[in-house]
Every structure is written in C-alpha cells, then in structure tokens.
Amino acid sequence: MAEKQYVVFNINKEEFGIDIMKVKEIILYREPTHIPNCPKFIEGVINYRGNVIPLINLRKRFNLGETELTKETRIIVISLNDKEIGFIVDEASQTVRLDEDQIDPAPDVISEVDRRFINGVGKIDENRLLILLNLHNVLTDDEKNQIQKMEI
C-alpha cells in the first residue's frame with residue numbers, strides 16, 4: 001500500500017496538508033514588499049535565497065478572513081510549474097504519513113474552502129481530519145500566468 005507524507009499547517013483553526021514532495025522549505029514569516037495591481041490574495045514578494053518569489057495569503061485565497069500575524073505565522077515555500085511561491089499560513093506544525101486507505105475523496109460539503117482546492121481528506125485518527133490541498137488548483141491558469149510574468 002502506498003504511503004505519502006504531508007506537511008500539516010493550520011488556517012483558521014482547520015488543518016490542511018500539502019504533499020511533502022512539493023514543499024521546498026518552511027520559513028518564518030517576513031514582511032513582503034507590496035506590488036501594485038496584484039490580486040488581493042498576493043501579499044507581495046520576498047527575497048528567498050536570491051530569488052524574488054510571490055507570497056500568497058491562503059487565508060485570503062480561501063476567503064477565510066484576514067490573517068492575524070503571530071509568532072507562529074509561517075511561509076511554506078513550494079515549487080509550482082518550476083516557479084517558487086510562498087504560502088502564508090497561520091502555523092505549520094508537523095508532518096504526517098498517510099496510507100491510501102486513510103484518504104477519502106472530498107465530500108460535497110467539506111469546509112469553507114472551495115472544493116476545487118481539495119484533493120481529498122486524510123483520516124489521521126477518529127477525531128482528526130486533514131484537508132489535502134490540490135496545489136495545481138489553488139491558482140487559476142490566468143493567475144499562474146500572471147505570477148509567471150511577474151518580473152521585479
């Protein structure tokens with residue numbers, strides 16, 4: 001049975017997971033440089049290891065309200081279509097391993113998050129579910145093109 005490992009993070013007290021193979025690094029939050037005329041959920045850009053990368057506020061992207069910055073706020077750096085992107089999350093807490101039989105398809109009504117963003121739901125134990133994100137659907141094709149064209 002195939003087992004996958006996921007990085008667990010919190011947004012608005014809900015637990016989400018991203019395939020660990022897509023995650024480059026988890027870093028402390030730092031204030032981005034704001035860019036005019038960006039979509040509202042793009043907070044700006046930061047210098048990450050010599051590259052300028054956009055920061056996407058997942059709370060805003062999923063329409064879950066404003067982000068309250070705390071000492072737990074993190075940036076999860078991922079690679080999407082050969083472009084590095086940072087996701088701002090409330091907290092990145094751990095990694096978990098899930099077998100295929102622990103993952104169910106996303107039900108019709110799962111959370112406040114749009115279903116297109118969700119690959120499935122991981123069952124960690126009887127009282128703990130993990131919403132597994134579909135990174136390719138977090139951004140529309142048009143938004144991906146906008147980010148690809150971002151030259152600072």
Side-chain angles (χ1 to χ4, degrees), residues 3-35 38-98 102-107 109-125 127-144 146-148 150 152:
E3 181 180 74
K4 279 191 170 182
Q5 197 169 0
Y6 295 89
V7 172
V8 178
F9 62 91
N10 294 336
I11 301 173
N12 202 27
K13 298 180 182 157
E14 289 195 58
E15 286 189 306
F16 294 84
I18 297 177
D19 185 339
I20 199 166
M21 299 307 288
K22 308 280 189 203
V23 176
K24 296 192 77 140
E25 189 174 8
I26 299 170
I27 59 176
L28 293 172
Y29 176 81
R30 57 184 118 154
E31 192 66 33
T33 300
H34 298 283
I35 304 294
C38 280
K40 290 181 182 178
F41 58 86
I42 296 180
E43 293 290 321
V45 294
I46 60 168
N47 181 346
Y48 171 73
R49 299 184 183 273
N51 295 316
V52 175
I53 67 169
L55 287 187
I56 294 174
N57 186 323
L58 285 184
R59 199 181 254 264
K60 285 183 182 177
R61 180 64 179 140
F62 297 156
N63 294 315
L64 296 174
E66 289 294 318
T67 298
E68 183 179 322
L69 299 176
T70 70
K71 63 182 173 75
E72 302 301 325
T73 303
R74 296 289 182 268
I75 297 170
I76 299 176
V77 180
I78 61 133
S79 185
L80 186 65
N81 298 338
D82 298 323
K83 177 85 172 165
E84 292 172 337
I85 296 173
F87 287 146
I88 300 170
V89 300
D90 295 348
E91 178 182 358
S93 55
Q94 66 185 73
T95 61
V96 296
R97 293 178 188 274
L98 295 174
Q102 290 177 277
I103 300 173
D104 287 348
V109 179
I110 174 93
S111 73
E112 299 171 41
V113 177
D114 191 325
R115 283 191 69 227
R116 73 175 179 216
F117 302 139
I118 300 170
N119 264 346
V121 178
K123 299 173 286 192
I124 297 173
D125 59 40
N127 297 318
R128 191 170 168 209
L129 298 176
L130 185 64
I131 300 168
L132 304 176
L133 286 188
N134 180 337
L135 292 181
H136 291 285
N137 289 346
V138 169
L139 298 170
T140 65
D141 288 339
D142 186 46
E143 291 162 346
K144 287 176 196 171
Q146 275 185 285
I147 287 174
Q148 289 286 2
M150 275 182 137
I152 313 305

If you apply the rule side chain to side chain contact (heavy atoms under 4.5 Å, CB included), what do you find for Y6 with I20, and how did you get there? CA-CA 5 Å; Y6 295 89; I20 199 166; over 6 Å; no

_For a side chain to side chain contact (heavy atoms under 4.5 Å, CB included) check, start with the C-alpha distance between F87 and L135, then their side-chain angles and the critical distance, and finish with the verdict._
CA-CA 11 Å; F87 287 146; L135 292 181; 3.5 Å; yes

| query | Given the rule in the side chain to side chain contact (heavy atoms under 4.5 Å, CB included) test, do T70 and D90 qualify, once you have shown the distances and angles that lead to the verdict? | reply | CA-CA 8 Å; T70 70; D90 295 348; over 6 Å; no

Inset, instruction - Kindly determine whether R128 and V8 satisfy side chain to side chain contact (heavy atoms under 4.5 Å, CB included), including the steps that lead there. - result: CA-CA 12 Å; R128 191 170 168 209; V8 178; 4.2 Å; yes

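With a 6.0 Å radius and a threshold of 12 heavy atoms from other residues, nucleotides or ligands, K4 has its NZ atom at or below the threshold. Under a cut-off of 6.0 angstrom, the local environment of CZ in R30 is crowded, with over 12 non-hydrogen atoms contributed by other residues, nucleotides or ligands. When the shell of 6.0 Å around NZ of K123 is examined, it contains more than 12 heavy atoms from other residues, nucleotides or ligands.
Rounded to the nearest 0.5 angstrom, N12 CG and L64 CG are separated by 5.0 Å. Atoms CD1 and CG, on I76 and L58 in that order, are 7.5 Å from each other to the nearest 0.5 Å. The distance from the CD1 atom of I11 to the CG atom of L133 is 7.0 Å, given to the nearest 0.5 Å. Here the OG1-CG distance, from T33 to L55, works out to 9.5 Å after rounding to the nearest 0.5 Å.
Side-chain contact between I103 and L132: present, with at least one pair of heavy atoms (C-beta onward) separated by less than 4.5 Å. You'll find the side chain of V96 reaches within 4.5 Å of the side chain of I124, heavy atoms only. A 4.5 Å side-chain heavy-atom check between R61 and F117 finds at least one atom pair inside the cut-off. Counting only heavy atoms from C-beta outward, the side chains of I56 and I85 approach each other to under 4.5 Å. Side-chain atoms of I27 and V77, non-hydrogen and from C-beta on, do get closer than 4.5 Å to each other. Considering only heavy atoms from C-beta on, R97 stays 4.5 Å or farther from Q102 through its side chain. Using a 4.5 Å heavy-atom threshold, the side chains of E31 and Y29 count as touching. Using a 4.5 Å heavy-atom cutoff, the side chains of E43 and I88 are in contact.
T95 is linked by a side-chain hydrogen bond (donor to acceptor under 3.5 Å, both in side chains) to Q5, counting only residues two or more places apart in sequence or in another chain. Contacts of E91 classified as salt bridge (Lys or Arg N to Asp or Glu O under 4.0 Å), with partners at least two apart in sequence or in another chain: none.
Within the 3.5 Å criterion, the main-chain N or O of M21 finds a donor-acceptor partner in the side chain of D19.
Taking each heavy atom of I75 and G86 in turn, the nearest pair found is CG2-CA, 3.8 Å. Taking each heavy atom of L69 and T73 in turn, the nearest pair found is CA-OG1, 3.6 Å. Taking both residues in full, the closest heavy atoms of I42 and P54 are given as CG2-CB, 4.4 Å, listed atom of the first, atom of the second, then distance.
Using a cutoff of 4.0 Å between basic side-chain nitrogens and carboxylate oxygens, E66 and R59 are not scored as salt-bridged. A salt bridge between R49 and E25 is present, with a side-chain N of the basic residue lying under 4.0 Å from a carboxylate O of the acidic one.
The list of salt bridge (charged side-chain N to carboxylate O under 4.0 Å, His left out) pairs with a residue in residues 67-76, not counting sequence neighbours, is empty.
Ring planes of F16 and F9: parallel class, angle under 30° (limits at 30 and 60°).
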